[in-house]
Protein chains: 2
Amino acid sequence: MSPAPIPFSDLVSEQTRAEIFATVLTVGPLSRTQLAQRLGLVPSSVTRMLPPLLEHDYLRETDAVPQGRGRPQKLLHVNPDKHVVVGMKIGPGQVSGVVTDMAANVLARAEQPIADCRPETALSAAAALTSGLLEEAPQAADRVLGVGVGVSGHVDPAAGVCRYSALLGWTKVDVAGPLAAATGLMVTVNNDVNTLVVAERWFGAGRDVDSFAVVTVGPGIGCGLQLGGSLYAGTSGMAGELGHLPLDPAGPMCSCGRRGCLEALAGDRAVLRHIQDGGITDCTTIADAIALARGEHSAARTVARAAFAEVGAALGRGLAGLCNLLNLQKIIIAGEGAVAHDLFGPAMQQALDAHAFSDAARDCQIHIDPVTHDLWARGAACLVIREAVGAAIS
Amino acid sequence: MSPAPIPFSDLVSEQTRAEIFATVLTVGPLSRTQLAQRLGLVPSSVTRMLPPLLEHDYLRETDAVPQGRGRPQKLLHVNPDKHVVVGMKIGPGQVSGVVTDMAANVLARAEQPIADCRPETALSAAAALTSGLLEEAPQAADRVLGVGVGVSGHVDPAAGVCRYSALLGWTKVDVAGPLAAATGLMVTVNNDVNTLVVAERWFGAGRDVDSFAVVTVGPGIGCGLQLGGSLYAGTSGMAGELGHLPLDPAGPMCSCGRRGCLEALAGDRAVLRHIQDGGITDCTTIADAIALARGEHSAARTVARAAFAEVGAALGRGLAGLCNLLNLQKIIIAGEGAVAHDLFGPAMQQALDAHAFSDAARDCQIHIDPVTHDLWARGAACLVIREAVGAAIS
DNA sequence: CCCATTTCGTTGACTAGATGAAGAAAATCG
DNA sequence: CGATTTTCTTCATCTAGTCAACGAAATGGG
């Protein structure tokens, strides 16, 4: 594997240039004048900052494009081919990854099932996946900016270490070290939901707001926070633990050993539990449950639908707490479970409206994003770009 | 009432000068060198910023004080007499206020019961209290910087309006307008718990941390947040609504009409409810309950103690959610109810440890601050100083 | 007692980022 | 073709910051 050239930092480490780059990246081609307005600068300041970015070919400008009267604009856009970036997500059962260009466009994707969750297994799979992905983008090998990794669990991004992951069964696992050693590339690690936050912020529903949460539903309930325009990590990088909000002292046991956590009330297992409690025994996966609830009218369908409604109501109560506490502009529901939003959405919204203060709920849009797809890994790639460009850009 | 001179803003509006002022104010007399270190500057930069602050007499320096070898330092301190500030809290039943100097030292205090909570009643009481307080500091009338007001409920600080207050029964009440008209002074309004956050940040347990929450216990449960070094207000200034976190779907009715809110489980009424459920009928105020629980050994005392333990456990569950979600460095328990911390504290801590992730709980100190006393109103005064100095200073 | 040492603070030359005003560039409109 | 409009650049200037050198004011050792 080639050594990683990381020439970006010294050139664009200055705050303003980083903001220019990020703005051009995320809000598309822009003229200098538009850019100045958006950044609260005067056009001449933009002009002054640009030369190094253009000379080093991070940004390019189009030919003049006339639009009515006046001198035509030259639009700035990022040069997507300056670098490629690898992003991946390590989850239970599989490692999935993408290669993107500098505009975070996905060039190739791949995934690899892992037999067990031991750190060695997962990390060697991640290294193999990185190699494989970079071979698919053959001319890219000498232009790799770095590898971004999203890990479900508590991550210390500065150290590149996963502190604790219930889902993976990890405690104090160094992720960046082994992966950097195996690939020879710069490695950035963060919580997997945080990678989604960055992706939503740059390309998704978080584009136009500066305070939002991404809540992932699936086997577990995850949460990442963007507060006041920047990713909120907390004291030791483990903020966003919404899944174990204690919502019901009489609730079912949670995998964490406590009772009535949001995750126990609204995770996949809660759906299955409700269905089994309803007397249906041959429904063992969440896919079964969705199929049942969307299937032909039957007693079983009624039970399954009621199960999703229960789960939606619990989720809504949790979101109400989040909404009341942080007075967010938006909550984005994502994760594998979001595909079933037709089943749990109405009950969730109803519980949210019932439990959130009306002012807070009015200010807070709910956005359901069922097509997370590559977004996890793409977000991990964004993380690398974001770091290279300077964390200041949010 | 005299017109308010507000000469500060133009002079010190620059970020760095504001930070210098705030640092000198909060961490006491400092030499230029110490100041530079603390602000991450070089001493000459401090020297260059000082002249306007000294000329306009916001800061002063002591005579040289030798300390061992070398040239003696001249310590900078704020000139407390440059202005006076009025701070007050409008709560149900009474308006209380203080006059402070520029170092937020309390010069005089007063409170005034109000017969009802109608806005006119409360605001005219506030205006009267302001006049009264300023008469107690006679030579101060021409040096008033402004009036800060803390109101329990949802406040829009920019508009100076209380949007909604359950405790006061207010909906869309303009506070700043009438009070400015009546007093002729600049008026700053904020949520009452936010005033506590500022006070704790400047003078209290929040001095050495940059992410903490102040949770007030009493008739209601309030919460203010300092995240990443600055007061977190949320999208529309109503963040920090912890009291209505839904913690128990089978819990008692809350005054907000929902079931099982933290406030219904851990507010004063919850204590009384538990005691009455225990068969004791002549305990109608929280003071009675505290006296009972601290009194002579008896069956009633056992019931009262159990009531506080129940409430503490509920509070601990709520704090665990807060701690997990935001991974704070510190949670400060304040408010009138905090005096009973000997009664609810152990159960609270136990529930917190049981429900918070151990990593998050380890990073999060609990600080109980039972002597809030003037702190509400003093915090409101800080709010005015903070605004005059520039919100940038956190 | 005087001079080296130490610490504090100031001065002045210099740099980087931002601004505003004026002007050059490149289109359309009449 | 000239007037107008819009975009972008150039240049003088401002502000906040740094660095390096120096001045100030104490202690302590010979």
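Here the structure is a predicted model, which is why all the values come from computation and not from measurement. Numbered from 1 within each chain, the chains take letters A, B, ... in sequence-line order.
- Contacts of D63(B) classified as salt bridge (charged side-chain N to carboxylate O under 4.0 Å, His left out), with partners at least two apart in sequence or in another chain: none.
- Every residue meeting the side chain to side chain contact (heavy atoms under 4.5 Å, CB included) condition with P80(A), not counting sequence neighbours, appears here in chain and number order: D101(A), A103(A).
- D81(A) meets the salt bridge (charged side-chain N to carboxylate O under 4.0 Å, His left out) test with no other residue; sequence neighbours excluded.
- Interface limits on DNA chain C: the 5'-most and 3'-most nucleotides within less than 4.0 Å of chain B heavy atoms are dT5(C) to dT11(C).
- In this view, D208(A) satisfies the side-chain hydrogen bond (donor to acceptor under 3.5 Å, both in side chains) rule with no residue, not counting sequence neighbours.
- Between the C1' atom of dA16(D) and the CD atom of Q15(A) lies a distance of 15 Å, rounded to the nearest Å.
- Not counting sequence neighbours, the partners of N194(B) by the side-chain hydrogen bond (donor to acceptor under 3.5 Å, both in side chains) test are N190(B).
- Legend: residues meeting side-chain hydrogen bond (donor to acceptor under 3.5 Å, both in side chains) with S236(A), ordered by chain and number and at least two apart, are N327(B), D363(B).
- Applying the side chain to side chain contact (heavy atoms under 4.5 Å, CB included) criterion to T26(B), with sequence neighbours excluded, gives W202(B).
- Residues that satisfy the side chain to side chain contact (heavy atoms under 4.5 Å, CB included) test with A158(A), not counting sequence neighbours, are D156(A).
- Distance CD (E61(A)) to P (dT7(D)): 15 Å, rounded to an integer number of Å.
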Legend entry - Per-nucleotide protein contact string for nucleotides 24-30 of chain D (B base, S sugar-phosphate only, - none; heavy atom under 4.0 Å): BBBBS--
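- Not counting sequence neighbours, the partners of T188(B) by the side-chain hydrogen bond (donor to acceptor under 3.5 Å, both in side chains) test are E387(B).
- Nucleotide dT5(D) holds its P atom 18 Å from the CD atom of Q73(A), rounded to whole Å.
- Annotation: proximity of residues 31-50 of chain B to DNA chain D (heavy atom, distance under 4.0 Å) is found for G40(B), L41(B), V42(B), S44(B), S45(B), R48(B), M49(B), numbered in ascending order.
- The CG atom of L53(B) lies 8.0 Å from the CZ atom of F21(B); values are rounded to the nearest 0.5 Å.
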